[in-house]
Amino acid sequence: MSGDMEGSSVISPDDVLQTLMNDGTIDAIRLKIITQLKANEELKNNTIKMVEQSKVLNTPGAEKQTKRELFDALRQELESSVLEKASKSVWELILDQKGIGKDINETKRREMKVQADLVFDRFLL
């Protein structure tokens with residue numbers, strides 16, 4: 001609980017978040033998101049298309065550059081666009097009330113109930 005456990009009956013979002021971080025729930029949700037992001041064919045295909053159409057790879061002399069030079073140049077050219085699309089996909093997953101979003105809301109409700117029960121039990125003691 002935020003502040004003093006004995007004197008406070010307020011459950012803060014930080015209390016819930018800390019509990020979910022400590023019990024591994026956040027890591028489990030993160031893994032689900034990463035797994036689904038990796039399986040996102042539209043995101044993969046979009047990224048491949050961006051690379052194939054990149055100025056870096058389509059500039060005369062690109063074949064003479066080292067892999068490292070090409071990689072660095074591609075990253076500089078495409079990183080923000082690729083990360084923006086990935087971020088949008090992650091938010092879609094988080095907000096999806098049929099998948100991970102539903103799991104997140106159920107987990108949040110369950111943990112808030114557990115925290116409320118703890119406060120109630122302390123109050124009665």
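The model shown is predicted, which means the values in this text are computed figures rather than measured ones.
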Q: Look at Asp103 together with Lys32 and state whether they make a salt bridge at an N to O cut-off of under 4.0 Å.
A: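 Yes, charged N to carboxylate O under 4.0 Å.
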Q) Does the pair Asp15 and Gln18 meet the rule for a side chain to side chain contact (heavy atoms under 4.5 Å, CB included), with working shown? A) CA-CA 5 Å; Asp15 295 331; Gln18 191 63 48; 5.9 Å; no
Q. Run the salt bridge (Lys or Arg N to Asp or Glu O under 4.0 Å) check on Glu41 and Lys44 step by step: do they pass?
A. CA-CA 5 Å; Glu41 290 299 321; Lys44 282 182 195 178; 3.4 Å; yes
Quick check for you: to the nearest 0.5 Å, what is the distance between [X] atom [atom1] and [Y] atom [atom2]?
{"X": "Lys98", "Y": "Asp96", "atom1": "NZ", "atom2": "CG", "value": "7.0 Å"}
{"X": "Leu43", "Y": "Lys38", "atom1": "CG", "atom2": "NZ", "value": "12.5 Å"}
{"X": "Asp23", "Y": "Glu111", "atom1": "CG", "atom2": "CD", "value": "6.5 Å"}
{"X": "Leu74", "Y": "Leu57", "atom1": "CG", "atom2": "CG", "value": "4.5 Å"}
{"X": "Arg109", "Y": "Asn105", "atom1": "CZ", "atom2": "CG", "value": "5.0 Å"}
{"X": "Leu93", "Y": "Ile29", "atom1": "CG", "atom2": "CD1", "value": "12.0 Å"}

Q | Side chains of Met50 and Lys85 in contact at under 4.5 Å (non-hydrogen atoms) | A | yes
**Q.** Close side-chain approach of Ser80 and Leu83, heavy atoms under 4.5 Å
**A.**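 Side-chain contact under 4.5 Å: no.
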Q: Give a yes-or-no answer on whether the side chains of Asn58 and Gln53 include a donor-acceptor pair shorter than 3.5 Å.
A: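 On atom types as modelled, these side chains do not qualify, holding no pair under 3.5 Å.
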**Q.** Asn40 and Gln36: side chain donor to acceptor below 3.5 Å
**A.**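 Gln36 and Asn40 do not have a side-chain donor-acceptor pair below 3.5 Å.
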Is [Y] reachable from [X] through a run of I, L, V, M, F, W or Y residues, each pair having side-chain heavy atoms under 4.5 Å apart?
{"X": "Leu20", "Y": "Ile104", "value": "no"}
{"X": "Ile26", "Y": "Ile94", "value": "no"}
{"X": "Val82", "Y": "Val90", "value": "no"}
{"X": "Ile100", "Y": "Ile34", "value": "no"}
{"X": "Leu95", "Y": "Leu37", "value": "yes"}

Q) Quick check: are there more than 12 heavy atoms from other residues, nucleotides or ligands sitting under 6.0 Å from CD of Glu106? A) yes
Q) Is the number of heavy atoms from other residues, nucleotides or ligands within 6.0 Å of CE (Met112) greater than 12? A)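 Counting neighbours around CE of Met112, 12 or fewer heavy atoms of other residues, nucleotides or ligands fall under 6.0 Å, so no.
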Q. Passes salt bridge (Lys or Arg N to Asp or Glu O under 4.0 Å), Arg75 versus Asp72? Steps please.
A. CA-CA 5 Å; Arg75 184 155 97 200; Asp72 289 345; 5.3 Å; no
Q.
To check you understand the geometry: which heavy-atom pair defines the closest contact between Lys102 and Gln97, and what is its length?
A.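 Answer, listing the atom of Lys102 first, then Gln97: CB-O, 3.3 Å.
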Q: Apply salt bridge (Lys or Arg N to Asp or Glu O under 4.0 Å) to Glu84 and Lys88, showing your working.
A: CA-CA 6 Å; Glu84 182 180 325; Lys88 184 177 182 246; over 6 Å; no
Q. Is a side-chain N or O of Asn46 found less than 3.5 angstrom from the main chain of Glu42, in a donor-acceptor match?
A. no
Q: Return yes if some donor-acceptor pair links the side-chain N/O of Thr59 with the main-chain N/O of Ala62 below 3.5 Å, else return no.
A: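 Here the side-chain-to-backbone pair does not exist.
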